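Working notes, beginning with the structure itself.
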Amino acid sequence: MPNAEFIFSDVQKTLSSGSFTWETPSNIALIKYWGKHGNQLPANPSLSFTLSASATKTTLKYFPVENKSSKIDFEVIFEGKPTESFKPKIAQFFERVEEFIPFIKNYKFEIHTENTFPHSSGIASSASGMAALALCLMSMEKEINPEISAAYFSRKASFLARLGSGSAARSVEGPMMIWGEHPAVKESSDRFAITNPFEVHAVFKDYQNTILIVDKGKKEVSSSLGHQLMIGHPFAKARFDQAYVNLELLIDILKRGDLKEFIKIVESEALTLHAMMMTSSPYFLLMKPNTLEIIQQIWKYRKENKSHLCFTLDAGANIHLLYPAAEKEEVLNFIQTKLTPFCEDGEFIQDQIGKGPRKI
Ligand code: PMV
């Protein structure tokens with residue numbers, strides 16, 4: 001059984017009431033995961049930068065129960081208010097992880113969660129949120145069984161987070177994560193993410209990420225549906241093959257600090273992701289007119305200023321700008337003067353590559 005290593009068997013010890021808190025950053029994929037199979041397994045490997053400022057802080061309070069029920073009893077308190085709408089996704093997560101952390105049946109939970117980024121900013125918190133919850137559950141496992149190693153803790157946290165939301169697998173550590181098996185990356189796995197094991201050029205160590213809020217609305221098509229639409233997609237195979245090639249190229253680019261090649265791969269991955277959406281059946285479009293306006297502005301700015309500013313997109317209209325810290329002042333000036341008019345309420349979030357979650 002391939003997942004046997006992640007099944008916790010020693011359920012003898014019951015903890016008295018307590019809590020754990022983790023602050024867990026979001027991540028932005030440079031090589032995109034789009035398409036999955038089986039139990040949240042990716043159709044191709046992906047590589048991401050872990051962010052720093054954009055994070056979810058989750059406190060998991062646990063209370064032992066006398067009578068175990070078949071369903072886990074829990075409440076979700078988001079920004080201080082009980083939030084029913086978050087429950088179905090978390091209930092599904094508990095169902096999927098119960099096999100691996102059966103001790104959860106002995107408790108009821110209160111999940112207190114909040115994001116450091118504004119709620120209605122169009123930024124998905126599923127990656128940071130699910131990773132934070134998985135880390136809290138792993139802290140419980142460690143409390144019950146202090147013998148587990150730090151490596152096992154992270155690996156299993158990523159494995160559990162993946163069962164909540166695929167990209168969450170990449171939020172349990174930093175600064176760069178690889179999720180999905182690739183022949184050139186020893187230890188890589190479809191079941192959990194690992195930190196990029198290769199050397200990385202100094203220019204990427206403090207790489208900047210500014211998130212331009214183009215649209216604060218909830219996106220019209222969920223990423224779960226988008227992943228599904230890759231099944232039977234006419235370009236799926238070519239896309240998945242391309243991701244394998246791009247991942248290996250990017251690993252080398254990250255080593256060499258080759259910013260020109262970095263831009264080519266990163267922007268191509270972003271546009272390819274959206275091209276897959278536009279060519280699925282049914283087709284859909286998540287970019288907005290202002291997304292395209294901003295892309296044109298970036299290309300113009302780059303040409304005129306010999307800059308290394310580039311962009312990537314996730315499954316939405318917002319733009320993630322990526323650039324070296326040495327260019328921060330000029331780029332921020334460019335954002336303020338030329339790009340904020342295309343942002344909803346002129347909003348953007350300043351972030352950069354980060355080290356990963358913090359236990360509080
Ligand atoms: O983790 P999900 O199921 O929300 O999918 C995320 C997919 C992208 O953000 C578009 C790409 C990625 O690799 O994060």
Side-chain angles (χ1 to χ4, degrees), residues 24-51 54 56 86 88-90 92-93 96 121-134 158-172 174 176-182 188 190-194 196 209 211 215 218-231 233 236 239-240 242-244 246-247 250 265-278 280 284-287 291 311-320 322 353:
T24 305
S26 189
N27 71 79
I28 180 69
L30 307 180
I31 304 296
K32 306 291 183 183
Y33 144 62
W34 197 241
K36 60 180 172 183
H37 63 95
N39 198 3
Q40 297 275 93
L41 297 166
N44 63 261
S46 56
L47 185 151
S48 57
F49 278 178
T50 302
L51 298 183
S54 311
T56 300
F86 282 18
K89 198 153 187 208
I90 296 175
Q92 185 189 48
F93 170 70
R96 288 183 182 163
S121 55
I123 299 184
S125 56
S126 62
S128 50
M130 285 299 175
L133 186 53
S158 174
F159 173 86
L160 297 177
R162 183 200 103 226
L163 295 171
S165 171
S167 55
R170 298 185 313 242
S171 265
V172 303
M176 284 174 210
M177 302 297 285
I178 296 175
W179 171 43
E181 198 175 329
H182 190 293
S188 60
D190 284 352
R191 297 178 302 128
F192 50 82
I194 58 168
N196 172 21
N209 176 241
I211 310 166
D215 184 35
K218 199 172 171 325
K219 56 194 181 199
E220 291 114 53
V221 180
S222 70
S223 46
S224 322
L225 181 60
H227 288 294
Q228 260 178 43
L229 294 175
M230 287 304 283
I231 299 167
H233 190 295
R239 160 57 200 154
F240 301 148
Q242 178 196 45
Y244 279 83
N246 280 349
L247 184 92
L250 186 62
I265 299 256
V266 167
E267 291 191 346
S268 165
E269 278 286 316
L271 294 176
T272 304
L273 168 71
H274 284 257
M276 290 301 110
M277 301 173 190
M278 290 187 232
S280 60
F284 62 103
L285 195 53
L286 294 182
M287 288 191 278
T291 312
F311 72 87
T312 186
L313 304 160
D314 53 20
N318 296 336
I319 294 219
H320 284 251
L322 294 165
I353 190 164

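What you see is a predicted model; the values in this text were computed from it and never measured. Sequence positions, counted from 1, serve as the residue numbers for this chain. All ligand and atom numbering here is 1-based and tracks the order in the structure.
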Over 60° means perpendicular and under 30° means parallel, so tell me whether Tyr33 and Trp179 are parallel, tilted or perpendicular.
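The arrangement is perpendicular - the two ring planes meet at more than 60°.
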Taking the cut-offs as 6.0 angstrom to the six-membered ring centre and 45 degrees off its axis, would you call Arg162 and Phe159 a cation-pi pair?
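The answer is yes, since Arg162 meets both limits relative to Phe159.
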Applying side-chain contact (heavy atoms from CB on, under 4.5 Å) to Asn246 and Thr272, what does each step give before you reach the verdict?
CA-CA 12 Å; Asn246 280 349; Thr272 304; over 6 Å; no
Please confirm whether the backbone N or O of Leu247 pairs with a side-chain atom of His182, one donor and one acceptor, at under 3.5 Å?
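Judged by distance alone, no pair lies under 3.5 Å.
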Are the side chains of Leu225 and Phe284 in contact, using a 4.5 Å heavy-atom criterion?
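No - every pair of side-chain heavy atoms lies 4.5 Å or more apart.
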Taking atom types as modelled, find out whether Ser54 and Ser26 have a side-chain donor-acceptor pair closer than 3.5 angstrom.
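Their side chains do not contain a donor-acceptor pair, so the 3.5 Å distance test is not met.
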Quick one: ligand 1 N/O to protein N/O pairs below 3.5 Å?
unit_1: ligand 1; atom_1: 1 (O); unit_2: Ser165; atom_2: OG; d: 3.2
unit_1: ligand 1; atom_1: 1 (O); unit_2: Ser167; atom_2: N; d: 2.8
unit_1: ligand 1; atom_1: 1 (O); unit_2: Ser167; atom_2: OG; d: 2.6
unit_1: ligand 1; atom_1: 3 (O); unit_2: His227; atom_2: NE2; d: 3.0
unit_1: ligand 1; atom_1: 4 (O); unit_2: Ser223; atom_2: OG; d: 2.9
unit_1: ligand 1; atom_1: 5 (O); unit_2: His227; atom_2: NE2; d: 3.0
unit_1: ligand 1; atom_1: 13 (O); unit_2: Tyr33; atom_2: N; d: 2.9
unit_1: ligand 1; atom_1: 13 (O); unit_2: Arg170; atom_2: NH1; d: 3.0
unit_1: ligand 1; atom_1: 13 (O); unit_2: Arg170; atom_2: NH2; d: 3.3
unit_1: ligand 1; atom_1: 14 (O); unit_2: Arg170; atom_2: NH2; d: 2.7

